[in-house]
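Scroll down for the structure; my scribbles are underneath it.
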Amino acid sequence: MARTTTSSRRLFARARRVLPGGVNSPVRAFKAVQGEPPFIARAAGAHVTDADGRRYIDYVMSWGPLIHGHAPAGLTRALGAAVKRGTSFGAPTPLEVALAERVRALMPSLERMRFVNSGTEAAMSALRLARAATKRDKIVKFQGCYHGHADGLLVQAGSGALTLGIPTSPGVTKANAADTLVAGYNDLASVERLFRMHRRKIAAVIVEPIAGNMGIVPPQDGFLQGLREVCDRAGALLIFDEVISGFRAAAGGAQAVFGLTPDLTCLGKIIGGGLPVGAYGGRADLMAQVAPEGPVYQAGTLSGNPLAMTAGLWTLSKLSDKLYRCLADLGARLAAGLADAACDAGVPLQVNGFGSLLTPFFSNRPVRDYRAAIHASTTDYGVFFRAMLKRGIYPPPSQFEAWFLSAAHTERDIDRTIAAARPAMKAVARS
Ligand SMILES: *Cc1c(COP(=O)(O)O)cnc(C)c1O
C-alpha cells in the first residue's frame with residue numbers, strides 16, 4: 001500500500017535535516033513504537049490536532065504538566081496579560097514570591113526553594129546542595145527512576161553486585177558515574193547494602209516516590225518510610241523527585257499522600273503549567289547554603305521568568321480536592337476498561353495506576369520493580385499504540401511511560417478510548 005504523504009511526514013523529513021532524529025527530546029521520535037510522529041499544530045482541552053487536521057484524545061499531556069488540560073481559557077488570559085507587562089526582567093518580581101508562597105502552603109516541607117527552568121536542573125542542583133551540606137560525594141539512585149539528564153544521573157547499576165554505577169550514555173565519564181550508586185526500587189535491602197558498603201560516604205538518596213519513568217510503579221508499603229529511616233541513621237539526606245508526583249498524586253504531592261518529610265524535594269512539570277519551570281527546595285537550614293545566602297553556586301538567566309511564574313500560579317490556584325477525586329475516578333475507569341479489553345482479547349496485561357497516572361504493561365506478571373517493568377513486551381505495546389493512534393487516541397509513545405489524565409478529560413473521552421482499545425487489543429492478540 002502506497003503511503004500517502006502527509007504534512008507530518010514532510011515536516012519530519014525537514015526536521016531530521018536540522019534536528020537530531022527530527023526532535024528536541026528523544027521519545028517524541030516514536031522509535032520505541034516503530035512509527036513516525038504526527039506534528040502537533042494546536043491543542044485544546046484533552047485533544048491535540050496535528051498538522052494534517054487529525055484530532056486525538058491526548059494521554060501524553062506534555063508528559064504531565066497539563067493537569068488542567070491544554071490551553072485552559074483562564075491560563076491563556078493570564079499569560080496574555082502577563083506578556084504585555086514584559087517577558088523577562090532578570091530581576092526579582094512579585095510573581096516568584098507569590099508562587100513560592102503557594103508551593104510552600106501546599107508542600108510545607110519546602111520551607112524555602114529556588115526556581116529553575118527544568119526538572120533536570122532541579123535534580124542536579126539538589127544533589128549539589130546535598131553533597132555540599134553533608135560533605136560527602138556519593139549518591140544513591142534507583143534503577144528505572146529518571147531524574148533528568150545531568151551527567152551523574154545517566155547511570156545504571158554495574159553488572160554483578162550493586163556497586164559502582166556505569167554510564168548509560170557516551171560522554172558521561174567513569175568518574176561521574178562512580179559517585180552514583182544504584183539500588184533497586186522497592187528493594188530496601190539493596191539500599192541498606194549500599195549504605196553498609198559505603199559508610200559515611202553517601203550524601204543522599206534520590207527517589208521518585210511514585211516511580212513514573214519505567215511506567216507507573218507505586219511504592220510498596222514501608223519502602224519510602226524505610227528510606228527515611230536509613231537516611232536518618234546514616235546522616236544522609238532524602239530527596240524526593242516529585243517532578244511527576246508533585247501536585248499530581250495530591251496537591252501536596254506523594255509526600256502528603258504517604259505522610260513523609262523529605263529533606264529536599266525536586267519539582268517540575270505541573271509547577272510550570274506547561275511553561276518551563278522546575279524548583280528544588282526543602283529544609284530552611286539546607287536552602288540557606290544556596291548562593292547568594294550560602295556558598296553553593298546555582299543561577300539562571302531566565303529562572304523565575306514572569307510568564308512561567310504566571311502559568312505556575314494559575315495552575316496551582318486551580319487545584320482542589322474535587323479535582324483529584326474526579327481524576328482518580330477517570331483513572332480507575334480507564335484502567336478497568338483497558339484491563340477488560342485486554343482480557344476479552346486474551347492479551348496478558350497489568351495495569352498499574354495511581355490516581356490520574358497509569359501504565360498498561362503488556363506482561364503476565366505483576367509489575368512492582370524495574371525487572372518486572374522491563375519484562376513487559378515493547379513489541380505488543382507498539383502494535384497497541386499504532387492501533388490506538390490510527391483510531392484517534394494518542395497514548396505515550398513508549399511502554400515505559402505514564403499516561404496522564406487531566407481535568408479536561410471526560411468520561412466520554414475515556415469511553416471512546418476504551419472502545420478503541422478493544423480492536424487494538426485484538427490486533428495485539430493477532431500479532
Ligand atoms: C521529567 C522528569 C525529570 C526531568 O524534568 P525535565 O523538565 O524534563 O528536565 C526529572 N525527574 C522526573 C521524575 C521526571 O519525570
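- Aromatic ring orientation, Phe354 versus Phe258: tilted (interplanar angle from 30° to 60°).
- Remark: side-chain polar atoms of Tyr324 are not paired, donor with acceptor, to backbone N or O of Leu319 under 3.5 angstrom.
- In this structure a side-chain-to-backbone donor-acceptor pair under 3.5 Å is present from Asn352 to Ile216.
- Across Pro209 and Asp241, no two heavy atoms sit closer than the pair CD-O, 3.3 Å.
- At least one donor-acceptor pair under 3.5 Å links the side chain of Asn186 to the backbone N or O of Gln220.
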Note to self: Please evaluate residues Arg128 and Gln298 with respect to the criterion side-chain hydrogen bond (donor to acceptor under 3.5 Å, both in side chains), reporting the C-alpha separation (whole Å), side-chain torsions for both, the decisive distance (0.1 Å), and the verdict.
What the structure shows: CA-CA 9 Å; Arg128 181 183 303 142; Gln298 187 272 309; over 6 Å; no
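- A distance-only check finds a donor-acceptor pair linking the side chain of His68 to the backbone of Thr315 [under 3.5 Å].
- Counting heavy atoms from C-beta outward, Phe361 and Val367 have side chains that approach closer than 4.5 Å.
- Atom CG in Asn176 sits 11.0 Å away from atom OG in Ser169 (nearest 0.5 Å).
- Using modelled atom types and a 3.5 Å distance limit, the side chains of His47 and Asp413 yield a donor-acceptor pair.
- In terms of modelled atom types and a separation under 3.5 Å, the side chain of Ser303 and the main chain of Val116 share no donor-acceptor contact.
- Nearest heavy atoms, Pro397 versus Val60: CD-CG2, 4.2 Å.
- The heavy-atom pair separating Gly274 from Pro65 by the smallest distance is N-CB, 3.7 Å.
- A salt bridge does not link Arg371 to Asp369: none of the charged nitrogens lies less than 4.0 Å from a carboxylate oxygen.
- Using modelled atom types and a 3.5 Å distance limit, the side chains of Glu401 and Ser398 yield no donor-acceptor pair.
- Using a 4.5 Å heavy-atom cutoff, the side chains of Glu242 and Arg248 are not in contact.
- In summary, the side chains of Gln350 and Arg365 do not present any donor paired with an acceptor at a separation below 3.5 Å, with no hydrogens or angles considered.
- Atom CD1 of Ile244 and atom SG of Cys145 lie 9.5 Å apart (nearest 0.5 Å).
- Note that CD1 of Ile67 is 13.0 Å distant from OG of Ser62, once rounded to the nearest 0.5 Å.
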Note to self: Evaluate Val140 against Ile206 for side-chain contact (heavy atoms from CB on, under 4.5 Å), listing each step before the verdict.
What the structure shows: CA-CA 6 Å; Val140 173; Ile206 185 166; over 6 Å; no
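- Here the straight-line distance linking atom OG1 of Thr310 with atom CD of Glu96 works out to 11.0 Å at 0.5 Å rounding.
- Scanning for ring-ring contact (aromatic ring centres under 6.0 Å, His included) contacts around Phe142 gives Phe223, with sequence neighbours left out.
- For the pair Gln399 (side chain) and Pro360 (backbone), a donor-acceptor distance under 3.5 Å is present.
- A donor atom on one side chain and an acceptor atom on the other are not found under 3.5 Å apart for Arg114 and Ser125.
- For the pair Glu411 and Arg333, the salt-bridge criterion is met [side-chain N within less than 4.0 Å of a carboxylate O].
- When atom types are taken as modelled, the side chain of Ser356 and the backbone of Gly331 share no donor-acceptor pair closer than 3.5 angstrom.
- For Gln255 and Ser109, the side-chain atoms include at least one donor-acceptor pair closer than 3.5 Å.
- For Arg104, the CZ atom sits in a loose shell: 12 or fewer heavy atoms of surrounding residues, nucleotides or ligands are nearer than 6.0 Å.
- Aromatic ring centroids of Tyr394 and Tyr59 lie 6.0 Å or more apart.
- Annotation: cation-pi pair Arg16/Phe12 present, NZ/CZ under 6.0 Å from the ring centroid and within 45° of its normal.
- The minimum heavy-atom distance linking Ala122 with Ala279 is given by the pair CB-O, 3.3 Å.
- Here the CG-CZ distance, from Leu237 to Arg283, works out to 6.0 Å after rounding to the nearest 0.5 Å.
- Between the side chain of His198 and the backbone N or O of Phe195, no donor-acceptor pair lies under 3.5 Å.
- Residues Val23 and Ser25 are not in side-chain contact: their nearest non-hydrogen atoms beyond the backbone lie 4.5 Å or more apart.
- Residues satisfying the salt bridge (Lys or Arg N to Asp or Glu O under 4.0 Å) criterion with Asp344, sequence neighbours excluded, are Arg422.
- Under the 4.5 Å side-chain criterion, counting only non-hydrogen atoms from C-beta, Phe400 is not in contact with Tyr146.
- There is a side-chain donor-acceptor pair under 3.5 Å between Glu229 and Gln225.
- No donor-acceptor distance shorter than 3.5 angstrom exists from the side chain of Tyr370 to the backbone of Met214, with no hydrogens or angles considered.
- Leu323 CG to Ser320 OG: the interatomic distance, rounded to the nearest 0.5 Å, is 5.0 Å.
- Taking the six-membered ring wherever Trp is involved, the centroid distance between the rings of Tyr280 and Phe115 does not fall below 6.0 Å.
- Across all their heavy atoms, Ala123 and Leu153 have their closest contact at CB-CD1, 4.2 Å.
- Asp263 has a carboxylate O that lies under 4.0 Å from a charged side-chain N of Arg228, or vice versa, which qualifies the two as a salt bridge.
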Checklist line | Check against side-chain contact (heavy atoms from CB on, under 4.5 Å), Leu127 and His147 | finding: CA-CA 11 Å; Leu127 288 170; His147 308 290; over 6 Å; no
Note to self: side-chain contact (heavy atoms from CB on, under 4.5 Å), that's the test. Do Leu19 and Asn24 meet it? Break it down for me.
What the structure shows: CA-CA 7 Å; Leu19 304 166; Asn24 283 300; 3.8 Å; yes
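- Residues Lys201 and Asp137 form no side-chain contact, since every pair of their non-hydrogen atoms from C-beta on lies 4.5 Å or further apart.
- Using a 4.5 Å heavy-atom cutoff, the side chains of Leu267 and Met107 are in contact.
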Next item on the list: With side-chain contact (heavy atoms from CB on, under 4.5 Å) as the test, would you mind laying out the steps for Leu334 and Thr417 before giving the verdict?
Entry: CA-CA 8 Å; Leu334 180 54; Thr417 303; 3.9 Å; yes
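- When every heavy atom of Ala150 is checked against every heavy atom of Thr120, the shortest pair comes out as N-CG2, 3.9 Å.
- Looking only at side-chain heavy atoms (C-beta outward), Phe362 and Tyr381 come within less than 4.5 Å of each other.
- Arg102 places a side-chain heavy atom less than 4.5 Å from the side chain of Leu313.
- A salt bridge is defined here as a Lys NZ or Arg NE, NH1 or NH2 lying under 4.0 Å from an Asp or Glu carboxylate O, and Glu293 with Arg112 meets this definition.
- By the salt bridge (Lys or Arg N to Asp or Glu O under 4.0 Å) test, Arg136 pairs with no residue at all, sequence neighbours left out.
- Other residues, nucleotides and ligands contribute over 12 non-hydrogen atoms within 6.0 Å of the CZ atom of Phe89.
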